[in-house]
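A quick write-up on the structure given underneath.
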Amino acid sequence: MGRGKMEMKRIENATNRQVTFSKRRSGLFKKARELTILCDAKVSILICSSTAKAHEYISPSTTTKQLLDLYQKTLRVDLWSSHYEKMLENLGAVEQVNRILKKQIRQRMGESLNDLTLEELTGLEQDILDGLKIIRECKDHVLARQINTFKRKVRGVQKENKSLQDGFIINAKEEDPHYEYELVDNGEHCDSDFGFQNEGPGIFALRLQPN
């Protein structure tokens, strides 16, 4: 019993639609290969599915560009003229913007000012002042950050020096528990005086400076 005639309308079920698409596409590409081999034809097929995926077949003896060039030559049409004109239009607009930007840069450097009106010069002056204000604010921010970083480094060095001094005192006590210690900080360096009650020297000075 033969199969019934299929009604030509969109397949609503997505799974069935994809299965049918895959089978029909394979059959179409198979016919294209047969035409290429049996008839020495040059065939190009481009299919875009409902999921926006592109599928292409091209005869091994040619390329898509060669077939498009042959198509244009045979039908005497230009597929790229409108696209080329659009590219030229976009290029002209970009070049115009480039010329304007270059002129504005020269004006901000004090050049090309003779043709400007008083209003334009006033506006240019205000733009430069606004830019200068932003630059100064940015500079102050960077400077403040560098100062804070330097202060943290100084505190780290001071903490390290304090740790070294405390360690030196502990070691000195362990070696001689009868010594006396006095620390004087004059803001520039530390003077440490050690007094011994034994027969050693009465006083000697030790100066510790931060690296």
Side-chain angles (χ1 to χ4, degrees), residues 14 46-56 63-65 68-69 78-175 179-194 203-211:
L46 177 62
I47 304 176
C48 294
S49 68
S50 59
T51 57
K53 292 183 179 180
H55 307 270
E56 181 185 21
T63 63
T64 301
K65 182 180 183 305
L68 289 175
D69 291 342
D78 189 351
L79 299 175
W80 315 114
S81 59
S82 59
H83 182 65
Y84 180 70
E85 291 173 358
K86 185 65 175 178
M87 289 179 60
L88 288 179
E89 181 180 345
N90 292 337
L91 179 61
V94 171
E95 289 178 344
Q96 177 65 18
V97 172
N98 188 41
R99 286 192 294 269
I100 293 175
L101 292 176
K102 286 184 176 180
K103 183 177 180 180
Q104 291 178 349
I105 292 174
R106 290 196 302 270
Q107 290 173 348
R108 280 162 175 73
M109 295 178 65
E111 304 175 3
S112 304
L113 302 177
N114 294 333
D115 297 333
L116 297 182
T117 63
L118 177 60
E119 182 180 357
E120 291 173 336
L121 288 171
T122 302
L124 177 61
E125 180 184 20
Q126 185 61 46
D127 291 342
I128 293 175
L129 291 175
D130 293 341
L132 183 60
K133 179 181 178 182
I134 296 174
I135 292 173
R136 286 173 174 169
E137 291 176 352
C138 182
K139 184 190 71 173
D140 293 341
H141 177 72
V142 172
L143 182 60
R145 187 170 64 243
Q146 291 179 348
I147 291 175
N148 290 333
T149 301
F150 177 75
K151 287 181 178 180
R152 286 196 299 269
K153 291 182 178 180
V154 170
R155 287 194 296 268
V157 171
Q158 291 174 341
K159 184 177 180 181
E160 182 179 358
N161 284 344
K162 181 64 168 56
S163 177
L164 291 174
Q165 293 174 22
D166 293 342
F168 188 85
I169 295 171
I170 293 173
N171 292 335
K173 285 183 177 181
E174 291 177 352
E175 293 179 359
Y179 89 107
E180 296 178 359
Y181 173 78
E182 181 182 3
L183 177 63
V184 179
D185 185 357
N186 61 9
E188 295 181 355
H189 60 268
C190 297
D191 292 334
S192 301
D193 295 333
F194 297 87
I203 295 178
F204 70 92
L206 174 64
R207 175 176 296 174
L208 301 176
Q209 292 183 342
N211 292 328

message = For Lys159, is there any backbone N or O sitting under 3.5 Å from a side-chain donor or acceptor partner on Ser163?
response =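 No: the side chain of Ser163 does not pair with the backbone of Lys159.
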- When you measure from the side chain of Asn148 to the backbone N and O of Ala144, does any donor-acceptor pair fall under 3.5 Å?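 A pair under 3.5 Å: yes.
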Using 0.5 Å steps for rounding, measure from the [atom1] atom of [X] to the [atom2] atom of [Y].
X: Leu124; Y: Leu113; atom1: CG; atom2: CG; value: 6.5 Å
X: Asn90; Y: Glu95; atom1: CG; atom2: CD; value: 11.5 Å
X: Glu111; Y: Ile105; atom1: CD; atom2: CD1; value: 11.0 Å
X: Cys48; Y: Glu56; atom1: SG; atom2: CD; value: 10.0 Å

Review point. Asp130 and Gln126: side-chain donor and acceptor closer than 3.5 Å?
Key: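 Result is yes, a qualifying pair exists.
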Indicate whether any N or O donor in one side chain lies under 3.5 Å from an N or O acceptor in the other, for Gln96 and Arg99.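 Looking only at side-chain atoms, Arg99 and Gln96 do form a donor-acceptor pair, the distance falling under 3.5 Å.
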[X] vs [Y] side-chain heavy atoms within contact, under 4.5 Å:
X: Leu121; Y: Glu125; value: no
X: Glu120; Y: Asp115; value: no
X: Arg136; Y: Lys133; value: no

What one should report as the nearest heavy-atom pair of Ser112 and Arg106 is OG-NE, 3.3 Å
Between Lys65 and Asp69, is the salt bridge (charged side-chain N to carboxylate O under 4.0 Å, His left out) condition met? List the steps. CA-CA 6 Å; Lys65 182 180 183 305; Asp69 291 342; 2.8 Å; yes
- Task: Carefully, step by step, assess Asp127 and Gln104 under the rule side chain to side chain contact (heavy atoms under 4.5 Å, CB included).
- Result: CA-CA 11 Å; Asp127 291 342; Gln104 291 178 349; over 6 Å; no
Are Lys162 and Asp166 within salt-bridge range, i.e. N to O under 4.0 Å? yes
Give a yes or no on this: more than 12 heavy atoms of other residues, nucleotides or ligands lie within 6.0 Å of atom CD of Glu137. yes
- request: State which residue, out of Arg152, Lys151, Gln146, fulfils the side chain to side chain contact (heavy atoms under 4.5 Å, CB included) condition with Thr149.
  value: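 Among Arg152, Lys151, Gln146, the one that satisfies the side chain to side chain contact (heavy atoms under 4.5 Å, CB included) with Thr149 is Arg152.
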Quick one: side-chain hydrogen bond (donor to acceptor under 3.5 Å, both in side chains) partners of Arg145, sequence neighbours excluded?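 Listed in chain order: His141.
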